[in-house]
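One-based numbering along the sequence shown. Bear in mind that the values here come from a model prediction, so they are computed numbers and not experimental data.
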Amino acid sequence: MEDQRKYMSAEELKEHNKSGDLWISIQGKVYDVSDWAKEHPGGEIPLLNLGGQDVTDAFIAYHPGTAWQYLNKLFTGYHLKDFKVSATSRDYRMLVSEFAKAGMFEKKGHIALFSLTSVALMFLVVLYGVLRCHSVWAHIGSAMLLGLLWMQSAYVGHDSGHYQVMCSRGYNKVAQIISGNCLTGISIAWWKWTHNAHHIACNSLDHDPDLQHIPVFAVSSRFFSSITSSFYDRKLNFNPLARFLISYQHWTYYPVMIVGRVNLFVQTFLLLFSNRKVPDRGFNIAGILVFWTWFPLLVACLPNWPERFMFVLASFAVTSIQHVQFTLNHFSANVYVGLPTGNDWFEKQTSGTIDISCSSMMDWFFGGLQFQLEHHLFPRLPRCHLRKVSPLVRELCKKHSLPYRSLSFWEANKSTIRTLKTAALQARDLTNPAPKNLLWEAINTHG
């Protein structure tokens, strides 16, 4: 009966927002996820970031309909007092429901098959170019093709991390390890750890790890106050080194993107050999060992050190296009400080993302992620549908007076450089003295 229900206020719910005492609300029903958080497939961080509030939209975005049946055992018996749904959330949920009824979340096309086949063919061509050809240009061409292979393999890893691309969960996990760890040298466990936090706290300066690049980059002058990263649980010190590097970040942006892959390798090792709880740590380490076996051996097959250097540099340069793409989607979008809130899911995603407009012929090259807003709103939606739903998302944004930014690749680059230049000039302002602290915040993020 309605009058026999137990209720709690939103303020009371907010008190349960920490590890060991973590409650959330979904459609007005309050759940205790304190113990479940440590077993949560998406990690504990997303739950901690949204703890103590209603998370209905985020839950709907990330979970299939079959997940609802598992909530009952977590139900506290409480309902949220004065629970209301905003007009934006209502429309968003209706859109998700329509996609589900149309079977769009299950209809994945043959993207994974085509992508894995293309990756396998590219790998064979790279091997032939290095092992059987003697021309320097053939070797450089092989390196560039390897960079493209890394890009496409990363997209497969990304897709399999958001939804099941194979016929079973076991095969899906194998696809993740092969496409991520074995072929690119970047751990799928590291990617999940950072990526889930990024999606939940999109463009939060202190909660989104994808914006925390001190001392190399700062997209906002708010970093100059040495804010504390909630994700890494450490202060991002804006010291003299950071001031110097950031002062020229609009010049160093592209060169850093070329060698940025090295940092991803380092982050992978720091996580896998840390004290943190890492799902499937053994499989991840085994996959990384596979990469660090075949890649050095392949490079060693080249006849001399100059060619080896050019090979590595060329492969890194091509795959840096992907690194640039990911930063274009967020660096010049709106930012904020603080925790995300569960009741403005749609608004936060529209505020923190930028789409890259291009022809449908480029969907394969960009992995569908040029539709960044669509992906953030519907992370379980296979990439073959993102172009189709784009007009619906644009229409919904227009209806609720929310931004829908879609820039050409060139314009997105210009916008990002403008953002970096603005922060760089602010960093040079001598009236804003830097604290006296030292070195390597970007590398030593795990403590």
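No hydrogens or angles considered: a donor-acceptor pair under 3.5 Å links the side chains of Y404 and S390. With 3.5 Å as the limit, one finds no donor-acceptor pair spanning the side chains of E44 and H40. Between Y253 and T327, the side chains place a donor N or O and an acceptor N or O closer than 3.5 Å (distance only, hydrogens not considered). Under 3.5 Å, the side chains of Q212 and D208 contain no donor-acceptor pair of N or O atoms. D355 and S357 share no side-chain donor-acceptor pair at under 3.5 Å. Side-chain atoms of S25 and D54 form a donor-acceptor pair, as typed in the model, at a separation below 3.5 Å.
Counting only heavy atoms from C-beta outward, the side chains of H199 and Y62 approach each other to under 4.5 Å. F378 has its side chain within reach of V393: a pair of non-hydrogen atoms, C-beta onward, lies under 4.5 Å apart. Using a 4.5 Å heavy-atom threshold, the side chains of T252 and F217 count as touching.
Ring geometry, F331 versus H213: the interplanar angle falls from 30° to 60°, so the pair is classed tilted. Note on ring orientation: taking the six-membered ring where Trp is involved, the planes of W191 and H195 are parallel (angle under 30°, cut-offs 30° and 60°).
Checked by atom type and distance alone, the side chain of E374 never pairs as donor or acceptor with a backbone atom of V389 at under 3.5 Å. Counting only distance, with no hydrogens or angles, the side chain of T319 and the backbone of F316 share no donor-acceptor pair below 3.5 Å. N203 contributes a side-chain N or O that, together with a main-chain N or O of N334, makes up a donor-acceptor pair within less than 3.5 Å.
Residue pairs meeting the side chain to side chain donor-acceptor pair (under 3.5 Å) criterion with at least one partner in residues 283-297, sequence neighbours excluded, are N181-N284, S187-N284. Identified under the salt bridge (charged side-chain N to carboxylate O under 4.0 Å, His left out) test for residues 115-127, with sequence neighbours left out: none. Applying the salt bridge (charged side-chain N to carboxylate O under 4.0 Å, His left out) test to residues at least two apart or on different chains, the pairs with a partner in residues 169-188 are K173-D280. Each salt bridge (charged side-chain N to carboxylate O under 4.0 Å, His left out) pair with one or both residues in residues 244-271, not counting sequence neighbours, would appear here, but there are none.
Scored by the salt bridge (Lys or Arg N to Asp or Glu O under 4.0 Å) test, K421 finds no partners at all (sequence neighbours excluded). Residues passing the salt bridge (Lys or Arg N to Asp or Glu O under 4.0 Å) test with R387 are D363, sequence neighbours excluded.
For E411 and K414, the salt-bridge test passes: some basic side-chain N is under 4.0 Å from an acidic carboxylate O.
A ring pair (Phe, Tyr, Trp, His ring centres under 6.0 Å) with H375 is found for one member of H385, H330, H162 and no other, namely H162.
Both cation-pi conditions hold for R428 and Y248: the charged atom is under 6.0 angstrom from the six-membered ring centre and inside a 45 degree cone around its axis. F99 does not carry K388 over the face of its six-membered ring by the limits of under 6.0 Å from the centre and within 45° of the normal.
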